[in-house]
Amino acid sequence: MSKIRVLLAEEDVLVATDLASELENSGMTVLAKASSSVSALKVIDESSLDFALLNVELQDGTSYPVAKRLKALEIPFVFFTSFEKSEIDLEFHDVPRLAKPQDARFVADFVAGLMKTLAQTPTHPAKRKEASTGV
């Protein structure tokens, strides 16, 4: 199986660096660390990614435009945020949420476990991609 390609959308440089390090240590590839929705959307448009970890609050506002694009492309994502579930837009209440602050190792393990579970789901795009490529 190829490495999971991750977009990390986080406004705090220290948090992003710590998370990226743990994700990489877990065998994933962090394609980009984006601090704004504009830069995150650019990464989505220019890259092939498998997963995104989004802070709700980015430098240019919320990450909801990014979340909408990810949903439309059927790319799984998780909110990693200090926002309570009740503060997140109703459209995204079905999206998993990891509360900040959180140990970066825990976050990386959660992402790895989630991706493993999704890859085993016959109707999930990750499984369809695997079947179509013979990987």
Side-chain angles (χ1 to χ4, degrees):
M1 181 178 186
S2 62
K3 286 188 172 188
I4 297 167
R5 298 160 301 192
V6 179
L7 165 63
L8 179 54
E10 170 60 54
E11 69 176 345
D12 185 308
V13 175
L14 295 176
V15 171
T17 300
D18 193 31
L19 283 171
S21 177
E22 285 298 334
L23 291 166
E24 295 271 345
N25 288 340
S26 295
M28 295 175 235
T29 299
V30 176
L31 292 177
K33 293 182 282 186
S35 59
S36 68
S37 288
V38 169
S39 58
L41 288 167
K42 184 175 180 182
V43 171
I44 293 168
D45 290 343
E46 296 176 355
S47 305
S48 177
L49 52 109
D50 302 306
F51 184 80
L53 190 61
L54 307 179
N55 187 352
V56 171
E57 195 168 34
L58 296 175
Q59 289 179 351
D60 57 355
T62 68
S63 63
Y64 298 145
V66 179
K68 286 179 184 186
R69 178 84 52 88
L70 292 168
K71 268 193 161 190
L73 295 171
E74 297 183 315
I75 298 170
F77 64 98
V78 169
F79 286 120
F80 180 55
T81 183
S82 58
F83 280 39
E84 295 295 326
K85 185 172 182 153
S86 62
E87 296 175 290
I88 295 174
D89 192 297
L90 286 174
E91 180 179 357
F92 304 110
H93 274 212
D94 61 330
V95 174
R97 176 191 155 274
L98 289 171
K100 280 185 174 182
Q102 192 68 256
D103 180 69
R105 172 85 254 147
F106 175 83
V107 175
D109 289 345
F110 179 87
V111 171
L114 179 63
M115 291 306 293
K116 184 177 179 180
T117 299
L118 291 175
Q120 295 171 353
T121 305
T123 59
H124 190 271
K127 186 65 175 180
R128 290 194 306 261
K129 180 175 140 185
E130 184 178 297
S132 68
T133 61
V135 176

Student: Can you tell me how the ring of Phe77 sits relative to the ring of Phe92, calling it parallel under 30°, perpendicular over 60° and tilted otherwise?
Tutor: perpendicular

Student: Between Ser47 and Lys42, is there a side-chain heavy-atom distance shorter than 4.5 Å?
Tutor: no

Student: Okay, side chain of Lys71, backbone of Glu91: is any donor-acceptor separation there less than 3.5 Å?
Tutor: yes

Student: Look up atom CG in Leu90 and atom NE2 in His93, then write down how far apart they are to the nearest 0.5 Å.
Tutor: 4.5 Å

Student: Indicate yes or no for a side-chain donor-acceptor contact from Glu24 to the backbone of Val30 under 3.5 Å, with no hydrogens or angles considered.
Tutor: yes

Student: Do Asp89 side-chain atoms and Tyr64 backbone N/O form a donor-acceptor pair below 3.5 Å?
Tutor: no

Student: Using atom types as modelled and distance alone, determine if a side-chain donor or acceptor of Asp50 lies under 3.5 Å from a backbone N or O of Arg5.
Tutor: yes

Student: Keeping Asn25 on the side-chain end and Ser21 on the backbone end, is there a donor-acceptor pair under 3.5 Å?
Tutor: yes

Student: Please determine whether residues Val43 and Leu58 belong to a single hydrophobic cluster, defined as Ile, Leu, Val, Met, Phe, Trp and Tyr linked transitively by side-chain heavy-atom distances below 4.5 Å.
Tutor: no

Student: Applying ring pair (Phe, Tyr, Trp, His ring centres under 6.0 Å) as the test, list every pair that has at least one member in residues 36-59; sequence neighbours left out.
Tutor: none

Student: For residues Thr81 and Glu57, determine if any side-chain heavy atom of one lies less than 4.5 Å from a side-chain heavy atom of the other.
Tutor: no

Student: Quick check: do Leu31 and Leu7 have side-chain heavy atoms less than 4.5 Å from each other?
Tutor: no

Student: Quick one, Pro65 and Leu41 - any side-chain contact, counting heavy atoms below 4.5 Å?
Tutor: yes

Student: Rounded to the nearest 0.5 Å, how far does CG of Leu118 lie from NZ of Lys116?
Tutor: 12.5 Å

Student: Check step by step if side chain to side chain contact (heavy atoms under 4.5 Å, CB included) holds for Leu70 and Leu54.
Tutor: CA-CA 11 Å; Leu70 292 168; Leu54 307 179; 3.9 Å; yes

Student: Using modelled atom types only, decide if a donor and an acceptor are shared between the side chain of Arg69 and the backbone of Asp45 within a distance under 3.5 Å.
Tutor: no

Student: Using modelled atom types only, decide if a donor and an acceptor are shared between the side chain of Lys33 and the backbone of Glu10 within a distance under 3.5 Å.
Tutor: no

Student: Considering non-hydrogen atoms only, spot the tightest contact between Glu22 and Arg105 and give its length.
Tutor: OE1-NH1, 2.6 Å

Student: Taking atom CD of Glu87 and atom OG1 of Thr62, what is their separation to the nearest 0.5 Å?
Tutor: 13.0 Å

Student: If you measure from CD1 on Ile75 to OG on Ser48, what distance do you get to the nearest 0.5 Å?
Tutor: 7.5 Å

Student: Identify which one of Ser39, Ser37, Ser36, Ser35 satisfies the side chain to side chain donor-acceptor pair (under 3.5 Å) criterion when paired with Gln59.
Tutor: Ser35

Student: Find the distance between NZ (Lys68) and CG (Leu73) and round it off to the nearest 0.5 Å.
Tutor: 14.0 Å

Student: If every non-hydrogen atom of Ala20 is compared with every non-hydrogen atom of Leu8, which pair is closest and at what distance?
Tutor: N-CD2, 3.8 Å

Student: Transitively linked via ILVMFWY side-chain contacts under 4.5 Å: Val56 with Val38?
Tutor: no

Student: Roughly how far, to the nearest 0.5 Å, is the CG atom of Leu23 from the CG atom of Asp18?
Tutor: 9.5 Å

Student: Val78 and side-chain contact (heavy atoms from CB on, under 4.5 Å): which partner among Val107, Val111, Leu98?
Tutor: Leu98

